[in-house]
Amino acid sequence: MSLLPEPVRRFAAWCVVILLAAGVGYVGIRLCSEFRTAVTPVLLALLGTALLGPLYRRLVRVGVQRSLAAGLTCVAVVAVVGGAVYIVVAALIDTGDQIIASLRSAALSLARHFGAAGTSVGDLAGNARKLLGEFGGTAASNVISGVSVVGESIALAVLALLLVFFFLRDSDRVVATVRALAPGSTADMTEAMARRAFEGIEGFMRGTTLIALIDALCITVGLLILRVPGAVGLGALVFVGAYIPYLGAFISGAVAVLVALADRGFVIALWALGVVLAVQVLEGHVLQPAIQSRTVQMHPAVVMLAITAGASVAGILGMLLAVPLTAAAFGVVHELRARYAVPRPPGTDDRP
C-alpha cells in the first residue's frame with residue numbers, strides 16, 4: 001500500500017468503508033425482514049412514542065404518576081385514532097361511490113379524447129364485470145388468508161400500543177440503558193447520538209401531523225366551496241397521504257382534480273388544481289419552514305430515494321417508515337459532524 005499514491009490510498013479506504021457500511025446495512029435489513037413480526041410493532045411504537053411524548057411529559061409535570069400518565073396517554077391516542085379512523089372510513093364509505101363513479105367518468109372521458117390508447121381503457125372498464133367473474137374464484141379462495149392478515153394487523157397494533165405504554169413509562173430508564181450498553185468511554189457520544197436520532201423522529205412526526213391536518217382542512221374547504229363530490233373523503237385521503245411526503249400529496253391531489261374534472265367539468269377542475277397547488281405552495285414555503293424548522297432538514301431528492309427504498313423493502317409500511325428513520329439517521333450524522341468537525345483557521349473562507 002505504501003507504493004500507491006496518497007489519493008489512491010484514500011480512495012481505497014473510502015471504498016472499504018462504503019462496502020463495510022453497505023454490508024452491515026444489508027445484513028440489518030435482512031434481519032429486520034426475517035423478524036418483521038417483532039420489528040414492525042417496535043418501529044410503530046417508536047413513532048407513536050415520539051408523537052405522544054409531549055402529552056405524556058405534560059401529564060407528569062402536573063403531578064400525574066408515571067404509569068397512570070402513560071395509560072392516560074394510550075387511552076387518549078386510542079380515542080383520537082379510533083375517532084379519526086371512524087371519520088375517515090365513514091367519509092370514504094359515504095362518498096366512495098361518488099369518487100369511484102367520478103374517476104370512472106374521468107377515465108371514459110380520457111378514453112374518448114385519446115383514441116386508440118383510450119379504447120383499451122374503455123374496454124377494460126366495460127369488461128370489469130367479466131374480469132371479476134373470472135377471478136372471483138381465486139379471490140374467494142383467499143378469504144381465509146385475508147382474514148389472517150387482518151388478525152395479524154390487529155395483533156401488531158395491540159402490541160405496538162402496549163410498547164408505547166412501556167416506552168413512555170420507562171423513558172427515564174432509556175438513557176441509563178443506552179449509557180450502560182455503550183462500549184468504553186463512548187457513553188456520552190452514544191447518548192448524544194440517540195437523543196439527536198429521537199429528536200429527528202419526534203420533530204418529523206409532530207410536524208407532519210400538524211401539516212397534514214392543515215393541508216386536509218384547506219383542501220376540504222376548497223373542494224366544498226367548489227361543490228366537488230366526496231370533498232370530505234378526499235380531504236381524509238389528503239391527510240393520510242401526507243405521511244408519505246411528496247408522493248402522497250401528488251396522488252391525493254391528482255385524485256381530487258380527476259373527481260372535479262369528471263363531475264364538475266374542466267373549469268372547476270382547473271380551480272381544484274389551483275387549490276391543490278396553492279396548498280402545496282403554502283406547505284412548501286410557509287408550513288414546512290415554520291413548523292419543522294427545528295428538525296432535521298432533508299433534500300427532496302433524499303426523501304424520494306428513501307421512500308423508494310422503503311417501498312422496495314417493505315411496501316406501504318416501508319414508505320411510511322422510511323422518512324422518519326432517515327430523519328433519525330440525519331440526526332446522528334449531524335451529531336457526529338458537530339463532534340468531529342475540524343475547526344477552520346480564523347480568517348479563512350470557502351473562496352479560492
Side-chain angles (χ1 to χ4, degrees), residues 6 9-32 35 38-54 56-57 60-61 66 70 163-164 166-208 292-299 301-303 305-306 309-310 313 318 321-346 348-350:
E6 179 66 18
R9 282 185 288 172
R10 295 172 68 91
F11 174 74
W14 275 110
C15 289
V16 172
V17 171
I18 293 173
L19 288 175
L20 180 61
V24 172
Y26 176 78
V27 172
I29 291 174
R30 293 295 301 175
L31 289 175
C32 290
F35 298 99
V39 173
T40 300
V42 172
L43 294 177
L44 293 177
L46 184 63
L47 299 184
T49 305
L51 183 61
L52 300 172
Y56 168 77
R57 291 191 291 267
V60 172
R61 281 197 299 267
R66 300 183 69 91
L163 289 175
V164 168
F166 290 117
F167 287 173
L168 290 173
R169 190 194 66 178
D170 301 329
S171 58
D172 58 329
R173 305 178 186 175
V174 173
V175 175
T177 304
V178 170
R179 295 184 66 90
L181 294 176
S185 60
T186 62
D188 292 338
M189 184 185 68
T190 304
E191 178 186 348
M193 291 168 56
R195 289 185 182 276
R196 287 295 295 268
F198 187 76
E199 287 173 1
I201 296 176
E202 186 176 35
F204 171 82
M205 290 300 297
R206 293 167 58 187
T208 301
Q292 294 187 335
S293 59
R294 297 183 181 180
T295 64
V296 178
Q297 298 295 321
M298 293 180 290
H299 193 276
V302 176
V303 174
L305 289 176
V313 173
L321 295 174
V323 180
L325 294 181
T326 305
F330 267 63
V332 173
V333 171
H334 287 180
E335 180 63 27
L336 291 176
R337 290 183 59 185
R339 285 179 170 266
Y340 295 103
V342 178
R344 300 177 63 84
T348 60
D349 53 25
D350 296 331

With sequence neighbours excluded, tell me which residues meet side chain to side chain donor-acceptor pair (under 3.5 Å) with [X].
X    : value
R10  : none
D170 : none
R30  : none

Could you pull out the closest heavy-atom pair between [X] and [Y], with the gap in Å?
X    : Y    : answer
A306 : A322 : O-CB, 3.1 Å
A50  : E202 : O-CG, 3.1 Å
A327 : G200 : CB-O, 3.9 Å
F167 : V42  : CE1-O, 4.1 Å
V332 : A197 : CG2-CB, 3.8 Å
A45  : L163 : CB-CB, 3.5 Å

Contacts of [X] that satisfy side-chain contact (heavy atoms from CB on, under 4.5 Å) - sequence neighbours left out:
X    : answer
T177 : L181
A70  : Y56, F165, L168, R169
L47  : I201, M205, L321, P324
L305 : none

R66 CZ: over 12 foreign heavy atoms closer than 6.0 Å =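 Check passes, neighbour count above 12.
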query = Looking at CG of L325 and CG of L46, how far apart are the two atoms once the value is rounded to the nearest 0.5 Å?
reply =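 CG of L46 is found 7.5 Å from CG of L325.
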request  = Measure the spacing between OH of Y26 and CG of L31 and express it to the nearest 0.5 Å.
outcome  =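 It is 10.5 Å, given to the nearest 0.5 Å.
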ask   = Is any side-chain heavy atom of T326 closer than 4.5 Å to a side-chain heavy atom of F204?
value =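 A side-chain contact under 4.5 Å is absent here.
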query = Passes salt bridge (charged side-chain N to carboxylate O under 4.0 Å, His left out), R206 versus E199? Steps please.
reply = CA-CA 10 Å; R206 293 167 58 187; E199 287 173 1; over 6 Å; no
request  = Sequence neighbours left out, what pairs pass salt bridge (charged side-chain N to carboxylate O under 4.0 Å, His left out) with at least one residue falling in residues 18-27?
outcome  =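 For residues 18-27, and leaving out neighbouring residues, there are no salt bridge (charged side-chain N to carboxylate O under 4.0 Å, His left out) pairs at all.
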